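A short write-up of the structure that comes next.
Not measured: the values here are computed from a predicted model.
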Amino acid sequence: MDAINVMKGYDKVDHHQHRAGIHSLRTHQRLKTAVTISAIVLLTLIIGLMLAVLIRESNTEEQQRLEAAESIKTVCSVTQNPDSCFTALSSSLNMSSTPTKPDPEVILKLSLQVNVNHFSNITSSIKSLYGNHLAVALRDCVDQLRDASSRLNDSMSELNATLTDRTVNDIQTWISAAMTDEETCLDGLEEMGSTLADEVKTMMKKSKELLSYSLAIIANIRTLLQKFGLHMH
């Protein structure tokens, strides 16, 4: 009888332990499920925040490009060929180092740098086409282009300082002198009576247009600054 009672006691203990084990397992599963759901929610939130930041940055960059393009259009409106001016300058604009809304001074400096780069490309092209054995007229042409680049670099240096009436006059003078250097180069090539002049003329046609943009911008810099709510300083 005692043995039977003992066995019943064991049955009760085993049953209680079994129920406790099931409860513990269910608790563990619920906890595991809760942790998994929390991780999914957290991951979703992180991804959502990352996407929001990327979208915001994309919208900001697009807004910067639109504002910069609008500024360049306004400045190029004073040139004889606004569309070509806009294409030349906007394609050379580096947004990472340019203010959100570049003002006329920044755009003028950009136009001067575009000219310097173009003169450098022409000089390199002449040397690559004809090597070191350049005719006298071509050597003179290369020297003239270097002088023109030097004048434009001086103009950019002036823009780093205070923009005054004297500065504007100096820059106009230097750009005009650069245009004269270019014309002198072409005149010398014409005297050669060679097809070389035509080849170089083709390469220099664009530079003449670019110089005219810079000259038009500096000639109208006061009016342009007023359009941007700025003044000479």
Side-chain angles (χ1 to χ4, degrees), residues 72 75-76 78-94 104-222 224:
I72 293 175
V75 172
C76 282
V78 301
T79 67
Q80 292 184 345
N81 197 334
D83 291 337
S84 295
C85 173
F86 174 78
T87 299
L89 300 188
S90 61
S91 62
S92 303
L93 186 67
N94 183 359
E105 287 185 59
V106 172
I107 297 173
L108 172 60
K109 192 172 184 179
L110 172 65
S111 74
L112 293 170
Q113 185 61 60
V114 169
N115 275 292
V116 170
N117 293 342
H118 198 70
F119 281 139
S120 178
N121 291 337
I122 293 173
T123 301
S124 297
S125 296
I126 292 175
K127 289 184 175 180
S128 64
L129 285 172
Y130 307 110
N132 294 324
H133 305 291
L134 296 176
V136 174
L138 279 176
R139 286 200 299 270
D140 290 343
C141 183
V142 170
D143 289 340
Q144 293 292 340
L145 293 178
R146 286 174 177 165
D147 288 343
S149 294
S150 177
R151 299 181 198 281
L152 297 182
N153 280 318
D154 288 340
S155 298
M156 286 190 286
S157 296
E158 283 291 300
L159 285 173
N160 291 329
T162 301
L163 187 64
T164 62
D165 289 334
R166 183 191 65 79
T167 304
V168 170
N169 291 334
D170 286 345
I171 293 174
Q172 283 181 289
T173 299
W174 286 327
I175 295 176
S176 296
M179 297 181 80
T180 300
D181 289 332
E182 187 178 53
E183 289 297 332
T184 302
C185 167
L186 288 173
D187 290 343
L189 294 175
E190 290 286 359
E191 294 176 1
M192 290 177 61
S194 168
T195 56
L196 294 179
D198 294 331
E199 294 179 26
V200 176
K201 273 184 177 181
T202 300
M203 291 186 288
M204 295 180 70
K205 182 180 179 181
K206 186 64 178 179
S207 68
K208 294 180 68 175
E209 294 178 4
L210 293 171
L211 278 173
S212 71
Y213 304 153
S214 297
L215 191 58
I217 293 171
I218 189 61
N220 294 275
I221 194 68
R222 297 173 182 81
L224 289 170

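Minimum interatomic distance between L211 and F119 (heavy atoms only, all atoms of both residues): CD1-CZ, 3.7 Å. The shortest non-hydrogen separation linking L159 to L163 is CD2-CD1, 4.1 Å. Across all their heavy atoms, M156 and K109 have their closest contact at SD-O, 3.8 Å. Taking all atoms of both residues into account, the shortest heavy-atom contact from A178 to L152 is CB-CD2, 4.1 Å. When all heavy atoms are compared, the tightest approach of S92 to L110 is O-CD1, 3.8 Å. Nearest heavy-atom pair across F86 and C76 is N-SG, 3.4 Å.
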Next on the checklist: Test side chain to side chain contact (heavy atoms under 4.5 Å, CB included) on E183 and M204; report intermediate values, then the result.
Outcome noted: CA-CA 10 Å; E183 289 297 332; M204 295 180 70; over 6 Å; no

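How far NZ of K206 is from CG of N115: 10.5 Å, rounded to the nearest 0.5 Å. A distance of 12.0 Å separates NZ in K208 from NE2 in H118, rounded to the nearest 0.5 Å. Atom-to-atom distance recorded for R166:CZ and D170:CG is 5.0 Å, nearest 0.5 angstrom. Q144 CD to T184 OG1: the interatomic distance, rounded to the nearest 0.5 Å, is 5.0 Å. Within the model, atoms CG of N153 and OG of S149 stand 6.5 Å from one another, a figure rounded to the nearest 0.5 Å.
Between V75 and the options I221, L108, I107, a side chain to side chain contact (heavy atoms under 4.5 Å, CB included) holds for only I107. Tested against S111 for a side chain to side chain contact (heavy atoms under 4.5 Å, CB included), the candidates L210, L89, T79 yield a single pass: L89.
In this structure a side-chain-to-backbone donor-acceptor pair under 3.5 Å is present from T87 to D83.
Remark: D181 does not engage R146 in a salt bridge, criterion side-chain N to carboxylate O under 4.0 Å. Classification of R151 and D147 as a salt-bridged pair fails, no side-chain N sitting under 4.0 Å from a carboxylate O.
A side-chain donor from one of N117 and Q113 sits under 3.5 Å from a side-chain acceptor of the other. With hydrogens and angles left out, the side-chain atoms of T164 and T167 include a donor and acceptor closer than 3.5 Å.
Residue pairs that meet the disulfide bond (SG atoms under 2.5 Å apart) test with at least one member in residues 148-180, sequence neighbours left out, do not exist here.
Contact of the S176 side chain with the L215 side chain is registered, since non-hydrogen atoms from C-beta on lie closer than 4.5 Å. Side-chain contact between Q80 and S212 is absent, with no heavy atoms from C-beta onward closer than 4.5 Å. A heavy-atom distance below 4.5 Å is found between the side chains of I175 and L112.
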